[in-house]
Amino acid sequence: THNLPPGLEYLNQLDQIIIHQQVELLEAILGTETSSKYEIKNHLGQRVYFAVEENGCFDRKLCSPIRAFTMRVADNAGREVIRVIRPLRCSSCCFPCFLQQLEVQSPPGTIAGYVVQNWDPFLPKFTIQNQSKEDVLKIIGPYATCGCFEDVDFEVKALNEMTTIGKISKYWSGFVNNVFTNTANFGIQVPVDLDVRIKAVMIGACFLIDLLFFENSLDGL
């Protein structure tokens, strides 16, 4: 473990990661889009990391859900261990050359990997890449992501897209949360022996999926 990026040692023993978006009272009452905050927990519900989105009010109001941001992920001691950088890009299949990309750094300043959206006319598709931009895994979502009173699963697959090795799930959070706030709960399931850098990239992929498909307050119904 001495070769792992500092702060990621704990991910080495996890095969399930829970990401809980924090409830924003102002957003719930006024419908004002605020910067996202997340708690990242283990399967026992114990907080491992805390993530805060950084960008401007203009980005959140006018560019959401394709807004640019920097997501800073800190451990319980307040040390930043992961940095997720998302530039302003398109999410429409009409612009296949300018689809979504994320850069994940761990430690901050050192590339851990990338999340790249792939063009597909029907399904949400993403590729997980390592620090050398080599393809490692695929993420394939369902045709409909509305999730009517049920969980929505994005399958994590091998590069041949035939073997499923895990999933990113958007959990059904209940009527009140989904109607009146944008808060979401996600679960990431991956093999325990997956490279911790790729696990960090999967956390970045979860943030991207949240903003692309579940940003609007009525999503999830």
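In this text, all values refer to a predicted model and were calculated from it rather than measured experimentally.
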Out of curiosity, [X] [atom1] to [Y] [atom2], how far, rounded to the nearest 0.5 Å?
{"X": "Ile85", "Y": "Glu54", "atom1": "CD1", "atom2": "CD", "answer": "10.5 Å"}
{"X": "Ile209", "Y": "Ile168", "atom1": "CD1", "atom2": "CD1", "answer": "4.0 Å"}
{"X": "Cys206", "Y": "Ile19", "atom1": "SG", "atom2": "CD1", "answer": "3.5 Å"}
{"X": "Gln100", "Y": "Asn118", "atom1": "CD", "atom2": "CG", "answer": "12.0 Å"}
{"X": "Gln21", "Y": "Lys37", "atom1": "CD", "atom2": "NZ", "answer": "10.0 Å"}
{"X": "Ile139", "Y": "Phe126", "atom1": "CD1", "atom2": "CZ", "answer": "7.0 Å"}

What heavy-atom pair brings [X] and [Y] nearest, and what distance separates the two atoms?
{"X": "Asp75", "Y": "Tyr49", "result": "CA-CD2, 3.7 Å"}
{"X": "Leu11", "Y": "Ala200", "result": "CD1-N, 4.3 Å"}
{"X": "Leu211", "Y": "Ser36", "result": "CD2-OG, 4.4 Å"}
{"X": "Gly187", "Y": "Ile18", "result": "CA-CD1, 4.2 Å"}
{"X": "Val196", "Y": "Pro5", "result": "CG2-CD, 4.1 Å"}
{"X": "Pro191", "Y": "Asp15", "result": "C-CB, 4.4 Å"}

Could you list the residues that satisfy side-chain contact (heavy atoms from CB on, under 4.5 Å) with [X], not counting sequence neighbours?
{"X": "Val190", "value": "Ile188, Leu194, Lys199, Met202"}
{"X": "Asn42", "value": "Tyr10, Leu14, Leu44, Gln46, Val48"}
{"X": "Asn160", "value": "Ala158, Met162, Thr163"}

For Val52, the other hydrophobic cluster members (4.5 Å side-chain criterion, sorted by chain and number) are Phe50

Who else is in Tyr143's hydrophobic cluster (ILVMFWY, side-chain heavy atoms under 4.5 Å, direct or via others)? Phe122, Leu123, Ile140

Cluster question for you: counting only ILVMFWY and a side-chain heavy-atom cut-off of under 4.5 Å, with indirect links fine, are [X] and [Y] together?
{"X": "Leu212", "Y": "Phe214", "result": "yes"}
{"X": "Ile203", "Y": "Val136", "result": "yes"}
{"X": "Ile165", "Y": "Phe186", "result": "yes"}
{"X": "Ile111", "Y": "Val115", "result": "no"}
{"X": "Val201", "Y": "Leu102", "result": "yes"}

Quick one: list whatever passes side-chain hydrogen bond (donor to acceptor under 3.5 Å, both in side chains) with Glu155, sequence neighbours left out. Lys157

Is the shortest side-chain heavy-atom distance between [X] and [Y] below 4.5 Å?
{"X": "Tyr114", "Y": "Thr127", "value": "no"}
{"X": "Leu208", "Y": "Arg86", "value": "yes"}
{"X": "Val116", "Y": "Leu99", "value": "no"}

Which residues pass the salt bridge (charged side-chain N to carboxylate O under 4.0 Å, His left out) test with [X], not counting sequence neighbours?
{"X": "Glu103", "result": "none"}
{"X": "Lys41", "result": "Glu39"}
{"X": "Glu80", "result": "Arg72, Arg83"}

Is a side-chain N or O of Glu161 found less than 3.5 angstrom from the main chain of Leu159, in a donor-acceptor match?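 The answer is no, because no donor-acceptor pair under 3.5 Å joins these two groups.
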
Any donor and acceptor pair, going by atom type alone, linking the side chain of Ser106 with main-chain N or O of Val81 inside 3.5 Å?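 Side chain of Ser106 to backbone of Val81, a donor-acceptor pair under 3.5 Å: yes, one is there.
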
Sequence neighbours excluded, every pair satisfying salt bridge (charged side-chain N to carboxylate O under 4.0 Å, His left out) that has a member inside residues 128-137: none

Take Asn76 and Arg47 through the side chain to side chain donor-acceptor pair (under 3.5 Å) test and state the conclusion after the steps. CA-CA 8 Å; Asn76 288 327; Arg47 192 174 83 175; 3.3 Å; yes

Residues in ring-ring contact (aromatic ring centres under 6.0 Å, His included) contact with Phe207, at least two apart in sequence or another chain: Tyr38

Listed partners of Phe154 passing ring-ring contact (aromatic ring centres under 6.0 Å, His included), at least two apart: Phe213

